[in-house]
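Worksheet: one structure, shown below.
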Amino acid sequence: MTAVDVPAVCGDRERVIGWLQEYGVYVGVAALLVFNIAFTPHFLSVENFRTQAVQVTPVLILSLGMALVIATGGIDLSVGSVMALAAAMISLYLGYGPVAAILVALVAGAAAGAVNGALVAFAGVQAIVATLAMMIGGRGLSLVLLPQLDGIRNAGIRELGAGDLLGVPYLVWVSAALIAVVAFVVRRTVFGRRLVAIGGNRRASELSGLPVRRTLLAVYMLCGLFAAVAGVLATARLQASDPNSIGQLIELSAITAVVVGGTPLQGGRMRVAGTVAGAVLMQLLVSTLIKHDLPPSWTQIAQTAVIIAAVYVARERGRR
């Protein structure tokens, strides 16, 4: 290979890496769809698509909040525990009515996010440390409040989890609304531009006069709020509140969906459509393995492979 050929090869490699980061998640979704259409019985049924849409809802909602945090250069490991805390609040306050119980659960989620944000923005604690503490403490608090599974016997909560509007489950409508809100915030608002700027260069953002600390606090509060929404919807769907199991390790699925969707872990960018596609990809991957009778351990191995591939692509592109 001559010296003239080297830049061309490097340029081709860079274009391939860039293309994979931009469109790889959509290719992955398309490939899984084609595979399932060809080899999975009854995959094209309306009931299957309805089931897939409902099952992906918690991860999708968590991924939207996680993407906001990662865009600032942070991370939130506590979202699963915040889901459990919200579930406990639903059970404890359901006696005041479903609306009151849901509002208390959402406030609890936002409060947990505020604690994370305050530690990161004002106390200078690293995001991974602050949210790891909340991950442990939040789960512990939810188990203190509700030590064991509690069945939910309320018509309003049952309707939220199993009802539909125009044939589309309420859970899907909620996730679609949150996608639209996040897309608008990121692309059309000053707040969205600020959080991306902070992720790109926090020090420069501070020197330019941006309200970095307030923005970080708000971002973590939003992530906690989204986690609480996911917890409410998961509780409504299961018709039970179980802080011991709800949201276990779901933060890993959310982080995977965000990274696979093209939002870099170092921050400075957020891809809403890619995040949604990443969540769909993870759901299809898990569903495909289950439908073909592979053990749960293979699901974890497959998710690990996807994470490694996505991080490698992001790292290789970041070097250029």
Side-chain angles (χ1 to χ4, degrees), residues 56-72 74-94 100-121 123 125-147 149-150 152 157 160-161 171 174-175 178 181-182 216-238 240-258 275 279:
V56 78
T57 294
V59 173
L60 175 54
I61 293 174
L62 288 179
S63 299
L64 292 172
M66 187 71 72
L68 292 171
V69 171
I70 290 179
T72 66
I75 200 164
D76 190 344
L77 300 178
S78 68
V79 289
S81 295
V82 174
M83 281 184 66
L85 183 61
M89 292 299 176
I90 287 286
S91 181
L92 291 174
Y93 287 90
L94 195 56
I102 291 173
L103 288 177
V104 171
L106 297 182
V107 170
V115 173
N116 287 334
L119 290 173
V120 172
V125 179
Q126 290 184 342
I128 193 170
V129 176
T131 59
L132 179 61
M134 181 60 71
M135 174 184 177
I136 299 170
R139 179 75 62 178
L141 177 60
S142 65
L143 288 171
V144 169
L145 295 173
L146 191 67
L149 182 146
D150 183 29
I152 301 296
I157 298 295
L160 175 62
L171 278 68
V174 172
S175 59
L178 291 178
V181 169
V182 171
L216 288 174
L217 178 63
V219 165
Y220 281 91
M221 286 183 68
L222 282 173
C223 189
L225 179 62
F226 278 38
V229 172
V232 169
L233 296 182
T235 301
R237 177 170 170 259
L238 297 172
S241 176
D242 185 10
N244 190 50
S245 63
I246 190 170
Q248 283 282 9
L249 299 181
I250 198 171
E251 58 275 352
L252 301 182
S253 297
I255 294 170
T256 302
V258 174
T275 297

Ser91 side chain to Ala88 main-chain N or O, any donor-acceptor pair under 3.5 Å? no
I'd like to know whether Val174 forms a side chain to side chain contact (heavy atoms under 4.5 Å, CB included) with Thr57, so could you lay out the CA-CA distance, the side-chain angles of the two residues, the decisive distance to 0.1 Å, and finally the verdict. CA-CA 9 Å; Val174 172; Thr57 294; over 6 Å; no
What pair of heavy atoms forms the shortest contact from [X] to [Y], and how long is it?
{"X": "Cys223", "Y": "Val79", "result": "SG-CG1, 3.7 Å"}
{"X": "Ala105", "Y": "Ala228", "result": "O-CB, 3.5 Å"}
{"X": "Thr275", "Y": "Ala67", "result": "OG1-CB, 3.8 Å"}
{"X": "Gly138", "Y": "Ser81", "result": "C-CB, 4.1 Å"}
{"X": "Ala230", "Y": "Met83", "result": "O-CE, 3.8 Å"}
{"X": "Ile61", "Y": "Leu178", "result": "CG2-CD1, 3.8 Å"}

Using 0.5 Å steps for rounding, measure from the [atom1] atom of [X] to the [atom2] atom of [Y].
{"X": "Leu143", "Y": "Asn244", "atom1": "CG", "atom2": "CG", "value": "5.5 Å"}
{"X": "Leu85", "Y": "Arg139", "atom1": "CG", "atom2": "CZ", "value": "10.0 Å"}
{"X": "Leu225", "Y": "Met221", "atom1": "CG", "atom2": "CE", "value": "8.0 Å"}
{"X": "Ser253", "Y": "Leu62", "atom1": "OG", "atom2": "CG", "value": "9.0 Å"}
{"X": "Asp242", "Y": "Ile152", "atom1": "CG", "atom2": "CD1", "value": "10.5 Å"}
{"X": "Leu68", "Y": "Leu216", "atom1": "CG", "atom2": "CG", "value": "12.0 Å"}

Quick one: do Val104 and Leu92 satisfy side chain to side chain contact (heavy atoms under 4.5 Å, CB included)? Show the steps, please. CA-CA 10 Å; Val104 171; Leu92 291 174; over 6 Å; no
If you count every heavy atom of other residues, nucleotides or ligands that lies below 6.0 Å from Gln126 atom CD, does the total exceed 12? no
Contacts under 3.5 angstrom, residues 127-136 side chains, donor-acceptor by atom type, not counting sequence neighbours:
{"residue": "Thr131", "atom": "OG1", "partner": "Leu77", "partner atom": "N", "Å": "3.2"}
{"residue": "Thr131", "atom": "OG1", "partner": "Ala127", "partner atom": "O", "Å": "2.7"}

Just so I know, are the side chains of Leu145 and Pro243 near enough to count as touching, which here means a heavy-atom distance under 4.5 Å? no
Test side chain to side chain contact (heavy atoms under 4.5 Å, CB included) applied to Asp76 and Met66, step by step: CA-CA 7 Å; Asp76 190 344; Met66 187 71 72; 4.1 Å; yes
What residue pairs, at least two apart or across chains, pass side chain to side chain donor-acceptor pair (under 3.5 Å) with a residue in residues 58-68? none
